[in-house]
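Encoded as structure tokens, the structure appears first; notes follow it.
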Amino acid sequence: MRKTECLAMILAGGQGSRLGALTKKIAKPAVPFGGKYRIIDFPLSNCANSGINKVGVLTQYKPLELHNYLATGAAWDLDVRDGGVFILPPYAREKGADWYRGTADAIYQNLNFIELADPEYVLILSGDHIYTMDYAWMLNAHKDNKADATIGVIEVPWEEAPRFGIMNTNEDGRIESFEEKPAQPKSNKASMGIYIFTKDFLKKYLEEDAVLEDSEHDFGKNIIPKMLADGARMFSYAFEGYWKDVGTIESLWQANMDLLQEETPFDLQGKWKIYSSNPSMPPHFVGADASVKKSMISEGSMIEGTVENSVIFPGVRVGKGAKVTNAVVMPMTVIGAGATVDYAIVAQDCIIKDNAKVEGKLGAITVVPEGETVA
């Protein structure tokens with residue numbers, strides 16, 4: 001494998017338990033989003049657009065659909081001679097096989113892969129955040145600061161800061177301390193879970209952490225605090241765009257709704273494209289008596305009822321007299337005639353029978369699990 005300057009490692013093995021029924025059959029990064037994408041399309045597209053073409057994807061929980069979706073990486077133009085998408089599940093080693101015990105352990109278990117790629121820098125990403133970002137700018141900042149580690153941060157509302165890992169920095173952006181979900185935060189600079197490490201520096205700390213029996217083998221809880229305690233050169237990289245952790249039902253629903261605003265959080269049709277792997281389907285159809293307002297309607301869908309303020313994925317059918325409002329309806333779901341769907345996320349391959357009702361409310365979104373039938 002040819003040496004690369006920066007290798008990306010995407011952590012995509014989480015169970016996503018806070019998404020409940022939506023992740024009973026698939027990993028969180030494979031959950032559909034925004035009418036034609038999956039969550040993992042965002043970090044993969046960011047890598048491709050940033051000129052990072054060698055990407056390891058660390059999978060674990062219910063990975064088959066995600067593996068099938070990733071395929072060769074061609075959808076993101078990552079199937080190049082000296083790059084590509086490499087799927088990295090846990091595997092048997094000399095002492096047997098272990099599940100990834102934490103975010104740091106997942107990277108540690110793949111040190112052989114990192115050594116094979118022989119990068120100068122390692123970019124570590126989460127596979128379940130929605131944002132667009134040029135990692136090349138962050139890498140340049142890492143080099144300019146002669147940093148051992150650089151952590152992406154975003155300013156969050158002060159009242160939300162206790163939900164995040166908070167970075168306290170000096171005026172130059174150097175990280176002086178880190179607080180994991182502090183009750184009384186000193187800063188509102190939240191970690192985005194985006195890290196750049198100089199490779200040999202990262203390797204040293206991963207190897208030291210791996211043998212500690214009392215460690216949770218986690219970057220936020222163990223690795224970052226240890227690096228700071230040792231006086232490492234650690235800097236923050238401030239990000240000012242849209243970023244959302246879609247780890248809960250409410251945040252996933254809201255992120256989809258954000259795409260329906262007059263001023264969308266990012267331009268999906270602009271130069272910074274988000275790529276995806278989609279089946280070839282015919283154009284969507286809207287019937288003569290149908291009504292569509294402020295919604296995204298994807299290819300292959302047939303709309304014969306009313307759709308308002310909703311995101312409709314490919315292959316969805318909305319029957320005559322049905323009303324879909326404030327909803328996210330995932331691929332190949334059928335909503336029968338006269339049915340009502342409001343403030344809901346309906347997973348893929350569901351059937352909402354004629355005149356059935358699926359109703360939630362703002363702050364309490366109703367979820368229909370994949371493949372379910374609602375009578």
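Because the structure is a prediction, the values reported are computed rather than measured.
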Answer yes or no: is there a donor N or O on one side and an acceptor on the other, between the side chain of Trp253 and the main chain of Thr366, under 3.5 Å? no
Lys323: partners by side chain to side chain donor-acceptor pair (under 3.5 Å), with sequence neighbours left out: none
Quick one: which residue pairs count as a ring pair (Phe, Tyr, Trp, His ring centres under 6.0 Å) with a foot in residues 284-317, not counting sequence neighbours? none
Is the side chain of Thr198 donor-acceptor paired with the backbone N or O of Asp200 at a distance under 3.5 Å, no angle test? no
Point-to-point distance, once rounded to the nearest 0.5 Å, from CD1 of Ile345 to CD1 of Ile249: 5.0 Å
Nearest non-hydrogen partners of Val85 and Gly73, listed with the distance: CG2-CA, 3.8 Å
Under 6.0 Å from the NZ atom of Lys294, do we count more than 12 heavy atoms belonging to anything else shown? yes
CD1 (Ile40) and CG (Leu70) are apart, to the nearest 0.5 Å, by 5.0 Å
Side-chain contact, heavy-atom cut-off 4.5 Å: Met167 with Ser191? yes
Residues Asp218, Thr103; criterion side chain to side chain donor-acceptor pair (under 3.5 Å); working and verdict: CA-CA 5 Å; Asp218 182 84; Thr103 54; 3.3 Å; yes
Close aromatic pair by centroid cut-off 6.0 Å: Trp76 and Tyr69: yes
Distance col, row Met9:CE vs Leu123:CG, nearest 0.5 angstrom, shows 10.5 Å
Give the cluster check for Tyr242 versus Val328: same hydrophobic cluster or not, with ILVMFWY residues linked at side-chain heavy-atom distances below 4.5 Å. yes
Does Ser295 reach the main-chain N or O of Ile312 with its side chain, forming a donor-acceptor pair under 3.5 Å? no
Judged by atom type as modelled, is there a donor-acceptor pair below 3.5 Å linking the side chain of Ser45 to the main-chain atoms of Tyr275? yes
Donor-acceptor side-chain pairing of Tyr205 and Asp230 below 3.5 angstrom: yes
When every non-hydrogen atom of Ala27 is compared with those of Ala12, the smallest separation belongs to CB-O, 4.3 Å
Say whether Lys353 and Thr373, considering side chains only, have a donor N or O and an acceptor N or O under 3.5 Å apart. no
Looking only at atom types and distance, does a side-chain atom of Asn168 sit under 3.5 Å from a main-chain N or O of Glu176, one as donor and one as acceptor? no
Determine whether a donor-acceptor pair (N or O, by modelled atom type, separation under 3.5 Å) exists between the side chain of Asn145 and the backbone of Ala147. no
Below 4.5 Å, heavy atoms only, C-beta onward: do Tyr100 and Ile107 meet side chain to side chain? no
Using side-chain heavy atoms (C-beta onward) and a distance below 4.5 Å, is Asp209 in contact with Lys226? no
Is it the case that more than 12 heavy atoms not belonging to Lys204 sit under 6.0 Å from its NZ atom? yes
Glu65/Arg38 ion pair, N-O < 4.0 Å: yes
Check whether any side-chain heavy atom of Pro43 sits under 4.5 Å from a side-chain heavy atom of Ile10, and report yes or no. yes
For Lys221 and Glu216, run salt bridge (charged side-chain N to carboxylate O under 4.0 Å, His left out): C-alpha distance rounded to whole Å, both residues' side-chain angles, the deciding distance at 0.1 Å, then the answer. CA-CA 7 Å; Lys221 295 177 181 178; Glu216 294 184 48; 3.1 Å; yes
Using the side chain to side chain donor-acceptor pair (under 3.5 Å) criterion, which residues pair with Lys186? Sequence neighbours excluded. none
In terms of the angle between their ring planes, are Tyr131 and Phe239 parallel, tilted or perpendicular, with boundaries placed at 30° and 60°? perpendicular
Residues, nucleotides or ligands: over 12 heavy atoms within 6.0 Å of Gln261 CD: yes
Could you tell me whether a side-chain N or O of Ser50 sits under 3.5 Å from a main-chain N or O of Ile52, the two making a donor and an acceptor? no
At their closest point, which heavy atom of Phe86 faces which heavy atom of Lys54, and how far apart are they? CE1-CG, 3.8 Å
Full working for side chain to side chain donor-acceptor pair (under 3.5 Å) between Tyr343 and Asn309: CA-CA 10 Å; Tyr343 284 107; Asn309 199 49; over 6 Å; no
Examine Val334 and Val324 and state if one hydrophobic cluster contains both, with Ile, Leu, Val, Met, Phe, Trp and Tyr joined whenever side-chain heavy atoms are less than 4.5 Å apart. no
Classify the ring geometry between His142 and Tyr121 as parallel (under 30°), tilted (30 to 60°) or perpendicular (over 60°). perpendicular
Please determine if Asp342 and Lys361 form a salt bridge, counting it only when a charged side-chain N lies under 4.0 Å from a carboxylate O. no
Count the heavy atoms of every other residue, nucleotide or ligand shown that sit under 6.0 Å from CD of Glu240, and state whether that count exceeds 12. no
My understanding is that only residues two or more places apart in sequence, or in another chain, count here; which of them pass side chain to side chain donor-acceptor pair (under 3.5 Å) with Thr132? none
Could you tell me which non-hydrogen atom of Ala104 sits nearest to which non-hydrogen atom of Phe219, and how far apart they are? CA-CE1, 3.5 Å
In terms of ring plane angle, is the pair Phe33 and Phe42 parallel, tilted or perpendicular, where the classes change at 30° and 60°? perpendicular
Checking Ser310 now: which residues fulfil side chain to side chain donor-acceptor pair (under 3.5 Å) with it, not counting sequence neighbours? none
Do Lys25 and Glu370 meet the salt-bridge criterion of a basic N to acidic O distance under 4.0 Å? no
Counting only heavy atoms from other residues, nucleotides and ligands, does the tally under 6.0 Å from CG of Asp289 exceed 12? no
Quick one: does any side-chain atom of Asn110 pair with a main-chain N or O of Phe113 as donor and acceptor, under 3.5 Å? no
Report yes if some heavy atom in the side chain of Ile39 is under 4.5 Å from a heavy atom in the side chain of Val246; otherwise report no. yes
Polar contact flag, side-chain donor to acceptor under 3.5 angstrom, Thr248-Ser251: yes
Check the hydrophobic clustering (I, L, V, M, F, W, Y; side-chain heavy atoms under 4.5 Å; chains of links allowed) and say if Met257 and Leu259 are grouped together. yes
Residue pairs, two or more places apart or on separate chains, that pass salt bridge (Lys or Arg N to Asp or Glu O under 4.0 Å) and touch residues 134-152: Glu5-Lys143
Do the side chains of Asp258 and Asn256 get nearer than 4.5 Å, heavy atoms only? no
Applying the 4.5 Å side-chain criterion to the ILVMFWY set and letting contacts propagate, would Met192 and Ile124 be lumped into a single cluster? no
Nearest non-hydrogen partners of Val31 and Met330, listed with the distance: CG1-CE, 4.0 Å
Using side-chain heavy atoms (C-beta onward) and a distance below 4.5 Å, is Lys36 in contact with Asn278? yes
Using only atom types and a distance under 3.5 Å, with no angle test, would you say the side chain of Ser236 pairs donor to acceptor with the backbone of Ile175? no
Sub-4.5 Å side-chain heavy-atom contact between Tyr237 and Ile151: no
Take Glu115 and Lys199 through the salt bridge (charged side-chain N to carboxylate O under 4.0 Å, His left out) test and state the conclusion after the steps. CA-CA 9 Å; Glu115 292 289 3; Lys199 190 231 353 184; 3.2 Å; yes
Short N-O contact, Glu304 and Arg317, less than 4.0 angstrom: no
Hydrophobic cluster membership, Trp272 vs Leu44, 4.5 Å side-chain cutoff: no
Closest approach of Ser187 and Ile166, non-hydrogen atoms and distance? O-CG2, 3.3 Å
